[in-house]
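In what follows, a structure is listed as structure tokens, so that the remarks can point back to it.
Order of appearance sets the numbers: ligands from 1, and atoms from 1 within every ligand.
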Amino acid sequence: MPDVNSTSPAPVFGEGQYDAIIIGAGFAGLYQLHCLRNRLGLKARVLEAADGIGGTWYWNRYPGARCDSESHSYCYSFSDELIRDWEWSERYPEHPEIRRYLDFVADRFDLKRDIQLGTRVAGASFDAATSRWTVTTEAGETFSAQFLITAVGCLSSANVPKIPGLEDFRGDWYHTGEWPHEGVDFAGKRVGQIGTGSTGIQAAPVIASQAAHLTVFQRTPNYSVPAHNAPLTQAFKDQVKSGYADIRRTMHATTNGHPFTIDDRSVFDVSPEERTEIYEKAWAKGGLQFRANFRDITTSLEANATAAEFIKDKIRAIVKDPETAAKLADIDHPYAAKRPPIDSFYFETFNRENVELADIRADPIERITQTGIRLQSGKEYPLDILVFATGFDAMTGPFLRMDIRGRDGLTLGEAWEAGPRTYLGLNVKGFPNLFTITGPGSPSVLCNMPVPIEQHAEWIAGCIAHMRKNDIATIEATEEATEAWAAEVNRAAEATLLPQASSSWYLGANVPGKPRVFMPYAGGMAKYRGICDEVAAEGYKGFELGKVAAHA
Ligand code: NA7
């Protein structure tokens, strides 16, 4: 890792003048502020649209919202003191506990005084004459900074599909990613939930337990493996604290940044009986580890089919009504080619008297009416509440809703017209001194998020330290490096089954009109970290470094 401790004298500032503006106060923004201010001594400010810190966990408060990564790995790993002093209560942390954790971190490192809440960034433009960014907020405030760092998250721009008639609906409707803080009272209500991704699969069992009736509108059936969430035992908590160095090492050495390794065996190295036994054990254990039982589940269709069939059999065994079971198990993509959900009694929920599955792939929604949803067949579902668990304009959405302009007024929207183009998912050609934490083209969403976030924040801090030390004013990806990285991102995706899920948000396919480009880097976190380190060690190869005085 580059040295983040070397500093050069900080420049003198006027009002609104900063070394760095960081957009977003989730996991990424908080740690980036810590790296830049507490370690490098820079003047940095975080601008956050929400009225509280927490990023995705500030917004996602829907029933059942919890992380799919295990709590002992869904946290910062840079500080042994944090590991020592924080205690998670459950195997998978629920949203309020994650917010409490981030609050604890922010207080521990005295971050809040440099975080400006309730401040939505409207746009930013780069001035080549001064090598600085001017950042404007929706309220009309202006900030100037040498570096602009986006910590905007990958899944923060809610996707409410344009289904005709929503404006006529007389009931209440909500998107899971913008859930009211006071909660929603489902008691006695007829609820319709559109969407069966990770969110819908978490929400449905909880909504069903509270509402009079729930209809789940399913377009694409999905795999899910039990989470087996439970309170953590004291023995486990002690083991995590005493063995954290090993856990961190594993998270840094694995493809997905999780605290478990992928078995080196092929599906076909074992007999069918032994394989079933392995899958049964994995099912009983639960969690995202299911796909790590064999090395080829995510790369070979034949290998994948064995896991897929196992899960489909489980669905058919759990769900009592054969017709509903058939609809739930009629899955059209390889297991884990879309983000694999984990659940707490999702399939069991369809055995409840008050739950119904509507197959909107067979019979699509025609429109939303004043009183509910009408399908093309004419079938009507009367509803009091409509829940959109319809996901996000992933990865590029949070960027493109801001007006970001680089050299010569080039907008990010223009630069990404045919899909996002970045170098390492860290910078965009034409946008000097813009750093994009977990940006498109980096491993990001394919990983346990704190791991890629820490790696990016540290790399960016190291890069800025290098620039300060060597009197470098600007850094910008070259066209050649951008082109080569796009080829590497494609190559890495093609080596997996990931591009084979045609409706996946990894491809931008969930948002009509969005360019279909496989966005995250699928080459693995450990490999990616090595590439970034090498780029830094070789004097930031692939970047053009400009020597113009930056902070006049
Ligand atoms: P996802 O995974 O994008 O799931 C969204 C769901 O909503 C999915 O089932 C979609 O079906 C469905 N959807 C989206 N638009 C429509 C329309 N127009 N009509 C019917 N159904 C629709 O989002 P999640 O919030 O569940 O998960 C996002 C990530 O957050 C998750 O992976 C974790 O990383 C955390 P489709 O598959 O497009 O047919």
Side-chain angles (χ1 to χ4, degrees), residues 26-27 55-57 59-69 74 92 95 98 153-166 173-179 192-204 215-224 227 256-258 288 327-328 330-333 336-343 346 357-368 373 375-376 381 386-395 397-398 438 443-450 452 498 501-514 516 519-520:
F27 265 90
T56 200
W57 300 106
W59 300 103
N60 280 271
R61 303 184 190 214
Y62 60 86
R66 61 176 74 242
C67 188
D68 286 350
S69 294
Y74 195 72
Y92 303 96
H95 63 94
I98 303 173
C154 301
L155 297 159
S156 53
S157 190
N159 168 43
V160 179
K162 291 185 179 54
I163 301 172
L166 180 57
W173 67 268
Y174 308 92
H175 187 280
T176 50
E178 292 173 348
W179 202 256
Q193 175 189 305
I194 303 180
T196 53
S198 299
T199 299
I201 281 176
Q202 282 188 339
T215 306
V216 175
F217 294 88
Q218 169 187 273
R219 187 165 69 180
T220 306
N222 220 335
Y223 300 94
S224 184
N256 303 105
H258 284 289
L288 292 170
K327 286 178 191 162
L328 287 163
D330 186 17
I331 308 175
D332 64 352
H333 54 274
K338 291 179 92 166
R339 173 72 153 66
I342 58 174
D343 70 275
Y346 174 66
L357 181 70
D359 178 359
I360 55 170
R361 186 168 59 183
D363 186 3
I365 295 176
E366 184 199 80
R367 65 178 296 112
I368 296 169
I373 283 183
L375 305 188
Q376 281 181 4
Y381 290 85
L386 192 46
V387 173
F388 288 95
T390 44
F392 301 89
D393 182 355
M395 307 203 71
T438 63
S444 64
V445 289
L446 299 178
C447 301
N448 171 34
M449 283 305 284
L498 290 164
S502 56
S503 68
S504 142
W505 55 260
Y506 294 149
L507 277 164
N510 63 325
V511 176
K514 190 166 171 170
R516 300 236 172 159
M519 293 183 283

Is the distance between the ring centroids of Tyr223 and Tyr346 less than 6.0 Å? no
Is Asp332 salt-bridged to Arg361, going by a charged N under 4.0 Å from an acidic O? yes
Excluding sequence neighbours, so at least two apart, what forms salt bridge (charged side-chain N to carboxylate O under 4.0 Å, His left out) with Arg61? none
For Asn510, which residues count as a side-chain contact (heavy atoms from CB on, under 4.5 Å) partner, sequence neighbours excluded? Asn159, Trp505
Counting only heavy atoms and a distance below 4.0 Å, can you name the residues contacting ligand 1? Leu155, Pro161, Ile194, Gly195, Thr196, Gly197, Ser198, Thr199, Arg219, Thr220, Lys338, Arg339, Ile360, Ala389, Thr390, Gly391, Phe392, Ser503, Trp505
With sequence neighbours excluded, residues passing ring-ring contact (aromatic ring centres under 6.0 Å, His included) with Tyr381: Phe217
With side chains defined as the heavy atoms from C-beta onward, is the minimum distance between Trp179 and Val387 less than 4.5 Å? yes
